[in-house]
Asks: 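The following block contains the structure, expressed as structure tokens.
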Amino acid sequence: MMLQHDVIIVGGGLAGCRAAVEISRTNPSLNVAVVAKSHPIRSHSVAAQGGMAASLKNVDPEDSWEAHAFDTVKGSDYLADQDAVAILTQEAPDVVIDLEHLGVLFSRLTDGRIAQRAFGGHSHNRTCYAADKTGHAILHELVNNLRRYGVQIYEEWYVMRLILEDGQAKGLVMFHIVDGKIEVVRAKAVMFATGGYGRVYNTTSNDYASTGDGLAMTAIAGLPLEDMEFVQFHPTGLYPVGVLISEAVRGEGAYLINAEGDRFMANYAPSRMELAPRDITSRAIAYEIRAGRGINPDGSAGGQFVYLDLRHLGKEKIMSRVPFCWEEAHRLVGVDAVTQPMPVRPTIHYCMGGIPVNTNGQVRSSADNLVDGFFAAGETSCVSVHGANRLGSNSLLECVVYGKRTGASIARYVHNRKLPSVDEQRYIAEAKQQIQSLLEQPGKYRINQIRQEFQDTMTQYCGVFRTEELMREGLQKLAELQQQYPQIYLDDKGNCWNTELVEALELQSLMLVGQTILASALNRQESRGAHFREDFQQRDDGNLLKHTMAYYSPTGIDIQYMPVVINMFEAKERKY
Ligand SMILES: Cc1cc2nc3c(=O)[nH]c(=O)nc-3n(C[C@H](O)[C@H](O)[C@H](O)COP(=O)(O)OP(=O)(O)OC[C@H]3O[C@@H](n4cnc5c(N)ncnc54)[C@H](O)[C@@H]3O)c2cc1C
């Protein structure tokens, strides 16, 4: 018999788990399932380090949700939807307290209240944290709570298709990585919480599983993707590996230093220095490197990284506040941050864009229409609280606030609804066909080879600095790589743990997402937030204070635009 649930959620990270908990709390009689291609506890959320913002006022009594909202909108370069930001920042203190009640152990002040630290772009100390392992602390408790609420978990199942018929989501097709079994699941509501796409680029802080599958499945189903040109570079990826050194390190007072020994942020954001927003700080590092003030491994000028210097913080502070960052640098590049500066450079970190949703998490099919039965939250979605640039510690917050809201709205949506009818045999046959042809095709290319070329192409042609000429060339190169896809060759023809097959499907997601990023970026002839055009260096509010909606089809990508919700703060020049 076909598998069926009232609600099926794809993604076991913070957004998916928080939604599942909320659905079960709202209506315990609903049958809820969560699918993940790894174990939920291995979702990328577990790697989040620095913390989660909320104006609890434990450290800074002057803080308020309005101040948090303003910082978020200014950080977004005014592209965020302000109704969504108001919800995010107003609900923040409550969701933090609620997480604590679910069992999350936050770091404390000496009087026992939840501690809060400084973070880039935030005007008050408002980031709550669990040392530098905040995601780990939160995700473990949420997954425990799934068990408590009786949510069914499908772990190591790869979802390969969204079933969307007549404007309604009806279920999905997935296969079990363990034994290759294909199943169709029908449901009254489908939710995507599939995370980001960092693996589109060759150097990223993200997990191997961050391949944008949810985005690709949504686009293939004919639905738009919003604001995909806004790709966040985190300023401090450890050189050369790219893994993240949390912004918490700068929040605790670390300096950025160039080859001349200068704290160069004085020239880019004098009032915020190292705690400027990420787009500005990443560009500053890229300029320093381009101007020959980067550093080489032997300490000379002209190299590919700058220094992140923690030495003045002292051993005790380093080991109590950011012990994991110390350990990463020590283990991966042999640097003892107590006595030596860390080599860092920008690394791909976060996608501001995604599946467009309203503030109840329901997916949009256009600026004015919604899809029945289809919801999304977390990094894969775009309710647009981050606009053109996300502030650090606002993403975990978004996952929890909008995971919860989306869960509540799903519980309302499925009430009194019937399960849709789905032609199981047809979907199974099509999925078998797709997998069979991947296994049998007599190709000449290795997955790894095409993926590496693709990732290098995206990094080179759609990185920190963009121009029309570069991006046109990038699209051309990408089209050539896409033509090679049907000629990839798999060594493993088996059913059992065929990770090569998973990688082949993921490569398809990556390339589709990359194409959407390039096409959206090419069309936006201005510089805003993380999207910097050397040929259009100014922000153009007159023409482009609006969201991109990119519609994929096999013949190309059609770009339309959608208005921004502005009801609190008028767009102003952005200076720090
Ligand atoms: C190293 C690092 C540190 C960070 N630190 C912070 C921080 O301190 N503060 C902050 O606010 N943000 C931080 N972020 C960002 C934040 O962690 C993420 O944006 C957020 O955790 C994303 O959560 P999510 O629930 O949307 O997705 P994820 O946690 O990425 O989960 C995605 C889920 O979808 C599943 N999935 C995907 N595709 C499929 C498929 N095809 N089939 C089945 N399952 C699938 C995966 O298995 C996984 O369970 C950090 C990010 C990184 C990479």
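Nothing here was measured: the structure is a model prediction, and the numbers come from that model. Atoms within each ligand, like the ligands themselves, are counted from 1 in listed order. These values consider heavy atoms only, across backbone and side chains, with no hydrogens, waters or symmetry-generated copies.
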Asks: Are a donor atom and an acceptor atom from the side chains of S246 and D132 found within less than 3.5 Å of each other?
Replies: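 Per modelled atom types, S246 and D132 side chains form no pair under 3.5 Å.
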Asks: Below 4.0 angstrom, N of the basic side chain to O of the carboxylate: do R364 and E226 qualify?
Replies: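 Judged by the 4.0 Å cut-off on N to carboxylate O distance, R364 and E226 do not form a salt bridge.
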Asks: Assess, by modelled atom type and distance only, whether the side chains of N389 and Q232 contain a donor and an acceptor separated by less than 3.5 Å.
Replies: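 Checked: N389/Q232 side chains pair up, N/O donor to acceptor below 3.5 Å.
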Asks: Tabulate distances under 3.5 Å between N/O atoms of ligand 1 and N/O atoms of the protein, writing both atom names on each line.
Replies:
residue	atom	partner	partner atom	Å
ligand 1	5 (N)	Q49	N	3.2
ligand 1	8 (O)	Q49	N	3.4
ligand 1	8 (O)	G50	N	2.7
ligand 1	8 (O)	G51	N	3.0
ligand 1	9 (N)	G51	O	2.8
ligand 1	11 (O)	S395	N	3.0
ligand 1	11 (O)	L396	N	2.7
ligand 1	19 (O)	E379	OE1	2.6
ligand 1	19 (O)	S395	OG	2.7
ligand 1	21 (O)	S45	OG	2.8
ligand 1	23 (O)	S45	OG	3.0
ligand 1	25 (O)	L14	N	3.1
ligand 1	25 (O)	A15	N	3.0
ligand 1	26 (O)	E379	N	2.9
ligand 1	29 (O)	S45	N	2.9
ligand 1	29 (O)	S45	OG	2.5
ligand 1	38 (N)	D213	OD2	3.3
ligand 1	41 (N)	V159	O	3.1
ligand 1	41 (N)	D213	OD2	2.9
ligand 1	42 (N)	V159	N	2.9
ligand 1	44 (N)	K37	N	3.0
ligand 1	47 (O)	K37	N	3.2
ligand 1	49 (O)	G12	N	2.8
ligand 1	49 (O)	S43	OG	2.7

Asks: Which residues satisfy the side chain to side chain contact (heavy atoms under 4.5 Å, CB included) test with K181, sequence neighbours excluded?
Replies: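 Listed in chain order: H176, D179, E183.
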Asks: Quickly, which of L438, V159, D213 forms a side chain to side chain contact (heavy atoms under 4.5 Å, CB included) with L505? Name it, please.
Replies: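 Only one option passes, and that is L438.
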Asks: Does the ring of Y350 carry R390 above it, NZ/CZ under 6.0 angstrom from centre and within 45° of its axis?
Replies: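 Because its charged atom sits under 6.0 Å from the ring centre and within 45° of the axis, R390 does stack over Y350.
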